[in-house]
Amino acid sequence: MFYSVRVDGMISLFSAEASGPGLADLAGVLCGPGRMTGFGRTAARLSAVVDEPWRAGALARECRRRGAEAQVSAAECGRPLVRTPFRVDLLPLERGWSHGEEKVLPDGFRLDGAMLRMWALAAGSPQGNGYLLALDPEAPETHERLIAALAQLGVPVKAQRGEEALLRVTGRRRLAHVLELIGDAPAGAEPAWPSLVPVVRAG
């Protein structure tokens with residue numbers, strides 16, 4: 001296994017700050033609700049339906065930081081939708097993450113801090129003394145492999161029982177490691193970030 005560690009203040013090898021932002025980071029959105037759509041064999045776009053408007057806005061800004069313009073609108077279900085235009089440079093993501101109409105993980109997929117940061121923005125939330133990462137309920141074949149990818153990154157998780165497909169990170173040391181990997185929350189996305197203080201949800 002490869003673990004992300006800091007030595008004398010040096011940036012962790014697998015943290016979000018280890019390299020500049022790039023299009024490959026958008027794979028983190030695909031770990032959660034994201035979907036790729038191809039336009040023939042010439043272009044592809046990324047889209048994600050999320051739960052809150054602030055989450056959509058933060059995701060769109062992070063996409064733009066990576067050179068992929070993204071717009072926020074409303075999906076047919078009424079929830080916020082983040083979507084890029086069709087782009088040639090998104091074809092590698094579409095080819096890796098799609099098998100016909102099915103969403104799959106690319107062969108040899110390895111998660112890193114930058115991808116985990118995007119996943120947290122799209123579908124992460126603190127709860128109690130843990131942190132939840134939502135999976136795509138319509139892509140169950142990706143779940144076990146994503147659990148393995150997180151473990152390889154030094155973030156062991158457990159599937160949380162219930163109607164939703166959720167992974168749970170528990171333990172102060174593991175939460176601190178997640179924070180190290182994903183860096184500081186972008187403006188407006190603080191509610192999506194792990195907390196080392198137990199979070200109590202109203203209601």
Side-chain angles (χ1 to χ4, degrees), residues 16 21-125 132-150 153 157 159-160 162-167 182 186 188-189 192:
L23 286 175
D25 304 344
L26 302 185
V29 183
L30 297 167
C31 293
R35 289 278 171 162
M36 296 302 303
T37 304
F39 183 74
R41 297 183 179 181
T42 60
R45 75 178 175 198
L46 169 70
S47 61
V49 177
V50 296
D51 289 332
E52 297 94 359
W54 59 260
R55 201 182 286 273
L59 265 179
R61 289 190 293 272
E62 290 291 300
C63 286
R64 291 174 196 138
R65 286 188 63 224
R66 287 154 178 81
E69 189 67 23
Q71 300 296 327
V72 177
S73 60
E76 291 184 3
C77 62
R79 293 163 61 198
L81 169 67
V82 184
R83 186 164 62 186
T84 71
F86 284 101
R87 300 168 56 102
V88 174
D89 53 7
L90 290 179
L91 276 172
L93 277 177
E94 193 272 334
R95 290 168 180 163
W97 284 83
S98 301
H99 182 71
E101 297 296 319
E102 184 181 0
K103 178 174 163 183
V104 298
L105 253 68
D107 292 337
F109 176 71
R110 295 183 74 90
L111 194 63
D112 62 23
M115 294 177 192
L116 185 58
R117 177 182 178 86
M118 299 298 289
W119 191 357
L121 279 173
S125 58
L132 301 178
L133 286 166
L135 298 162
D136 187 339
E138 297 182 7
E141 297 300 319
T142 67
H143 296 181
E144 289 298 326
R145 291 190 60 193
L146 285 170
I147 291 172
L150 283 161
L153 193 58
V157 295
Q160 179 163 300
E163 294 182 2
E164 298 181 80
L166 297 169
L167 302 179
I182 67 178

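- Considering SG of Cys63 and CZ of Arg83, their distance stands at 13.0 Å, rounded to 0.5 Å.
- Residues Trp97 and Leu105 meet the side-chain proximity criterion, which asks for heavy atoms closer than 4.5 Å.
- At least one side-chain heavy atom of Met36 sits under 4.5 Å from a side-chain heavy atom of Leu90.
- Take Arg61 and apply the side-chain hydrogen bond (donor to acceptor under 3.5 Å, both in side chains) test, not counting sequence neighbours, and it matches no residue.
- Looking at every heavy atom in both residues, Cys31 comes nearest to Leu111 through SG-CD1, 4.0 Å.
- Going from atom CD of Glu69 over to atom OG1 of Thr84 covers 10.0 Å, rounded to the nearest 0.5 Å.
- Interatomic distance, Leu46 CG to Met118 CE, rounded to the nearest 0.5 Å: 8.0 Å.
- Atom CG of Leu133 and atom CG of Leu166 lie 9.0 Å apart (nearest 0.5 Å).
- The nearest pair of heavy atoms linking Glu94 to Thr37 is CG-C, 4.1 Å.
- In this structure, Ile182 CD1 and Asp112 CG are separated by 12.5 Å, a value rounded to the nearest 0.5 Å.
- No side-chain heavy atom of Phe39 sits under 4.5 Å from any side-chain heavy atom of Pro85.
- Of the possible donor and acceptor atoms, one in the side chain of Trp119 sits under 3.5 Å from a partner among the backbone N and O of Ala134.
- Taking 4.5 Å as the limit, every side-chain heavy atom of Val157 sits out of range of all side-chain heavy atoms of Leu146.
- Looking at every heavy atom in both residues, Val72 comes nearest to Ala56 through CG2-O, 3.7 Å.
- Between Pro186 and Glu62, the closest heavy-atom pair is CB-OE2, 3.8 Å.
- A donor-acceptor pair under 3.5 Å is formed between the side chain of His143 and the backbone N or O of Asp136.
- For Val50 against Pro33, the heavy-atom pair with the smallest separation is CG1-CG, 4.4 Å.
- Side-chain contact between Val29 and Val82 is absent, with no heavy atoms from C-beta onward closer than 4.5 Å.
- Side-chain contact between Leu167 and Ile147 is present, with at least one heavy-atom pair separated by less than 4.5 Å.
- Looking at heavy atoms from C-beta onward, Arg79 lies in side-chain contact with Asp51 at the 4.5 angstrom threshold.
- At least one donor-acceptor pair closer than 3.5 Å links the side chain of Lys103 to the backbone N or O of Leu30.
- The structure places CD of Glu138 at 12.0 Å from CD of Glu102, a figure rounded to the nearest 0.5 Å.
- Considering all non-hydrogen atoms of both residues, Arg64 and Ala70 come closest at NH2-O, 2.7 Å.
- Side chains of Leu26 and Leu93 form a contact here, defined as non-hydrogen atoms less than 4.5 Å apart.
- Glu52 meets the side-chain hydrogen bond (donor to acceptor under 3.5 Å, both in side chains) test with Arg55; sequence neighbours excluded.
- Checked against side-chain hydrogen bond (donor to acceptor under 3.5 Å, both in side chains), Arg87 has the following partners two or more places apart in sequence or in another chain: Asp89.
- A donor-acceptor pair is defined here as one N or O able to donate and one able to accept, closer than 3.5 Å; no such pair exists between the side chain of Arg45 and the backbone of Phe86.
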